[in-house]
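Down below is the structure, laid out as structure tokens.
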Amino acid sequence: MEQKTIAALLEKVRTNSPLVHNITNVVVTNFTANGLLALGASPVMAYAKEEVAEMARMAGALTLNIGTLQTETVEAMLIAGQAANEAGVPVILDPVGAGATVFRTESARKLLTQVNVSLLRGNVAEIAHVIGERWTIKGVDAAAGDGDVVSLAKQAAKQWQTTVVITGKEDVATDGERVYKVGNGHPLLTKVTGTGCLLSSVIAAFAAVESDVLQAAVAALVSYGVAAQLAAEQSTMEGPGSFQMQFLNQLSRLNEQDIIQYAALQPAK
Ligand code: ATP
Ligand code: TZP
Ligand code: MG
Ligand code: MG
């Protein structure tokens, strides 16, 4: 995928400012809304089962995030997901903490079974557990492991008939056939809660303007990772507090030159 294509998709997000409907967790709600605004998208959070279908139908994309799941929220996610499917609105699922508890693992699988999910994004442990493989997980965080991340991602894509993104130091994106690796990002992203969750919603914003979900995901991963690198460079003090603020600034000012200079993207097998 060309760097210019990535920059053009970023520009399209800013021009179209797609509405992204998020049913997300209580930890990251404000950060997700601010991150989407900084990027140029239009966030909305709506959870009541009386309204989610209506909101999902009018959105450019829907993000389902199980980070602080309640039984009623699963119901609302199923209603929203099915309404999005009927309206042709892409659905992104972030299975936060799948594998940590049975409720999370089973809810993620239920959503994947009953909703046509366009893209599944998680850390390696979450994706492994969603497909019934083992990987150490500590709450919502993945532990280091020695499995093959590319084959795990491909296996998940085939098992659930969806596009899969596994993030970490290096990100992997695949539709089960095509595979990309993205090396952008910065370790400070691991010191700010919700950077994975915001990324899932940023992928949703790109999927709202690009129907090839894999291309949308790769453009989102590169843009997000480059913004993080620039933020780390710009932070006066190297710490998570100033990084978080700079990261929002960089999401809003990122341009084609930055993408051309920093994109670390390679096709893989
Ligand atoms: P976890 O809970 O395991 O941290 P997550 O849902 O927060 O998972 P991450 O895998 O942390 O998701 O991915 C969020 C962003 O952070 C992605 O853009 C990813 O590339 C980036 N990232 C994660 N770890 C690193 C790292 N060690 N170096 C650079 N970037 C990283
Ligand atoms: N606990 C439940 S959800 C959540 C925490 C700490 C936020 C996780 O965010 P991310 O993006 O997966 O780090
Ligand atoms: Mg993280
Ligand atoms: Mg996460």
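Every heavy atom of this structure was used, including side-chain atoms; hydrogens, water molecules and symmetry mates were not. Whatever order the structure lists them in is the order used to number ligands and atoms, beginning at 1.
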Closest non-hydrogen protein atom to [atom], residue and atom name please, with distance?
atom: atom 4 (C) of ligand 2; result: Val27 CG2, 3.7 Å
atom: atom 12 (O) of ligand 2; result: Cys197 SG, 3.8 Å
atom: atom 3 (S) of ligand 2; result: Gly67 O, 3.5 Å
atom: atom 7 (C) of ligand 2; result: Thr193 OG1, 3.5 Å

**Fill in**
Note: ligand 2 atoms sitting under 4.0 Å from heavy atoms of Gly194 are 9 (O), 10 (P), 11 (O), 13 (O)

**Message:** Under a 4.0 angstrom heavy-atom cut-off, which atoms of ligand 2 come close to Asn25?
**Reply:** 3 (S)

**Request:** Run the salt-bridge test on Arg178 and Asp212 with the 4.0 Å N-O cut-off and return the result as yes or no.
**Result:** yes

**Pair Phe206 and Tyr224, ring centroids less than 6.0 Å apart** = no

**Asked** Purely on distance, is any nitrogen or oxygen of Val28 under 3.5 Å from one on ligand 2?
**Response** no

**Request:** Before signing off on this row, confirm whether Gly196 and ligand 2 have an N or O atom pair separated by under 3.5 Å.
**Result:** yes

**Item:** Part of Thr195 with heavy atoms under 4.0 Å of ligand 2, whether side chain, backbone, both or neither
**Value:** backbone

**Message:** Tell me whether Lys12 contacts the main-chain N or O of Val209 through its side chain, where contact means a donor paired with an acceptor under 3.5 Å.
**Reply:** yes

**Message:** Main chain of Gly67, side chain of Arg104: is a donor-acceptor contact present, judged purely on distance under 3.5 Å?
**Reply:** yes

**side chain to side chain donor-acceptor pair (under 3.5 Å), paired with Asn25, selected from Asn65, Thr32, Asp94, Thr68** = Asn65

**Message:** I'd like to check Leu254 versus Ile259 (side-chain heavy atoms, cut-off strictly below 4.5 Å). Are they in contact?
**Reply:** yes

**Request:** Please tell me if the side chains of Leu230 and Asp258 come closer than 4.5 Å, counting only heavy atoms from C-beta onward.
**Result:** yes

